[in-house]
Undergrad: 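The structure's right below; bear with me while I get my questions together.
Every number for a ligand or one of its atoms is a count from 1 in the order of the listing.
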Amino acid sequence: MQNVDIRKQWEGAAPGWAKWEATVASWMEPATMAMLAMADMKLGARVLDLASGAGSQTLSAAHRVGPEGHVVASDISETMLQCVQENARAAGLDNVTTLAGAAEDLEVSRDHFDAVICRLGLMLFAEPAKALAAVRDAVKPGGKIAVVVFTTPASNPFMAKPMQILLRHAGKAPPSPGQPGIFSLGASGVIERLFTGCGFVDVEQRTLDVPLQMASVTQALEMMQEAFGAYRAVLSDTPEAVRAAAWTEVAQTLKAFETATGFEAPAEVLVVAATKPA
Ligand SMILES: C[S@@+](CC[C@H](N)C(=O)[O-])C[C@H]1O[C@@H](n2cnc3c(N)ncnc32)[C@H](O)[C@@H]1O
């Protein structure tokens with residue numbers, strides 16, 4: 001998929017992503033805390049948040065670096081960045097700015113940032129190695145990048161099973177190895193090889209269980225339909241009847257995660273950090 005299509009996909013999902021952002025933020029809270037800690041973010045640091053979305057982790061980073069620090073939220077979707085600006089203003093933060101564009105085409109000063117973070121973004125990039133090469137130029141020697149990505153389909157059935165259903169209804173094949181996709185960087189060793197291949201050293205990884213709890217199956221389905229850009233994209237060029245049949249089958253599948261109090265699905269992420277050689 002080309003970045004022009006990825007931008008369109010995420011512009012379409014941006015209002016839904018903003019609507020469900022608080023749910024994603026609380027789902028990803030332990031991973032976000034680990035990512036910020038592994039990025040070694042200090043008071044006064046300059047931080048780049050790649051693929052910021054509506055910016056919940058941008059704001060966490062901005063609190064962490066304090067008023068002397070600064071966070072640049074960057075995303076391919078300008079609508080996402082408007083949300084970041086509104087959310088930063090509402091939180092009373094004046095140390096956040098935004099930069100629109102694809103991570104692969106990042107244009108910032110060389111050796112400018114102390115740390116770079118990217119939550120649930122890198123695996124969706126058309127050219128993650130190109131983005132990491134741009135990050136390597138942007139971060140200071142000795143500076144860190146820390147990212148969160150999903151692990152494998154087997155450990156994330158709530159994500160994997162619906163994706164299989166949507167692809168089948170749309171008559172499309174799953175992404176082949178090396179292509180962007182929700183699980184493209186989650187298999188053993190893949191992200192480590194990507195980082196070292198892009199000139200980073202001291203790769204450090206943690207695997208975290210992040211079960212998703214929601215009030216109901218209906219809410220989980222709505223979040224997937226409204227906010228998950230990669231899921232919406234699978235059905236974007238299919239007739240309405242195909243979409244309706246696909247989502248009906250997804251709804252049936254999600255019932256496997258129904259509990260006495262609502263919805264709970266296992267999920268697993270990798271938090272990975274690496275350093276630009278000094
Ligand atoms: C799953 S959302 C994650 C958003 C946010 N980091 C979070 O965790 O809440 C993925 C984000 O990646 C952005 N994105 C996708 N491809 C991109 C690219 N090539 N460059 C920059 N941003 C990209 C999308 O616009 C979207 O905001």
Undergrad: Tell me yes or no: between the side chains of T79 and E11, is some donor less than 3.5 Å from an acceptor?
TA: yes
Undergrad: Using a strict 4.0 Å cut-off to heavy atoms of I6, name the atoms of ligand 1 that fall inside it.
TA: 15 (C), 16 (N)
Undergrad: What orientation do F158 and F263 show, parallel under 30°, tilted 30 to 60°, or perpendicular over 60°?
TA: perpendicular
Undergrad: Going by atom types only, do R119 and S52 share a side-chain donor-acceptor pair under 3.5 Å?
TA: no
Undergrad: Given L99, T32, I76, which has its nearest heavy atom closest to atom 14 (N) of ligand 1?
TA: I76
Undergrad: Using distance alone, with no hydrogens and no angle criterion, decide if T97 and H70 have a side-chain donor and acceptor under 3.5 Å apart.
TA: yes
Undergrad: Could you tell me, atom by atom, which parts of ligand 1 come under 4.0 Å of a heavy atom of Q57?
TA: 5 (C), 6 (N), 7 (C), 8 (O), 9 (O)
Undergrad: Any idea which protein heavy atom is nearest atom 12 (O) of ligand 1, and the distance to it?
TA: A51 CB, 3.3 Å
Undergrad: Going by atom types alone, do S74 and D49 pair a side-chain donor with an acceptor below 3.5 Å?
TA: no
Undergrad: Check each atom of ligand 1 against the heavy atoms of A102 and keep those under 4.0 Å away; list them by number with element.
TA: 20 (N)
Undergrad: Would you tell me whether Q85 and T98 have side-chain atoms, one donor and one acceptor, within less than 3.5 Å of each other?
TA: yes
Undergrad: Which residue from L50, D75, D49, L120 reaches closest to atom 13 (C) of ligand 1 through any of its heavy atoms?
TA: D75
Undergrad: Name the orientation class of the two ring planes belonging to W17 and F228 (parallel below 30°, tilted from 30 to 60°, perpendicular beyond 60°).
TA: tilted
Undergrad: Could you list the atoms of ligand 1 found under 4.0 angstrom from a heavy atom of R119?
TA: 3 (C), 5 (C), 6 (N), 7 (C), 8 (O), 9 (O)
Undergrad: Only one of K8, K172, R232 clears salt bridge (Lys or Arg N to Asp or Glu O under 4.0 Å) with D237; which?
TA: K172
Undergrad: For S52 and ligand 1, answer yes if some heavy atom of the residue is under 4.0 Å from a ligand atom, otherwise no.
TA: yes
Undergrad: Numbering the atoms of ligand 1 from 1, which are under 4.0 Å from a heavy atom of N3?
TA: 19 (N)
Undergrad: Return the residue, atom name and 0.1 Å-rounded distance of the protein heavy atom closest to atom 19 (N) of ligand 1.
TA: E104 OE1, 3.0 Å
Undergrad: What residue and atom, counting heavy atoms only, is the protein's closest point to atom 20 (N) of ligand 1, and at what distance?
TA: A103 N, 2.8 Å
Undergrad: Hey, is F228 one of the residues with a heavy atom under 4.0 angstrom from ligand 1?
TA: no
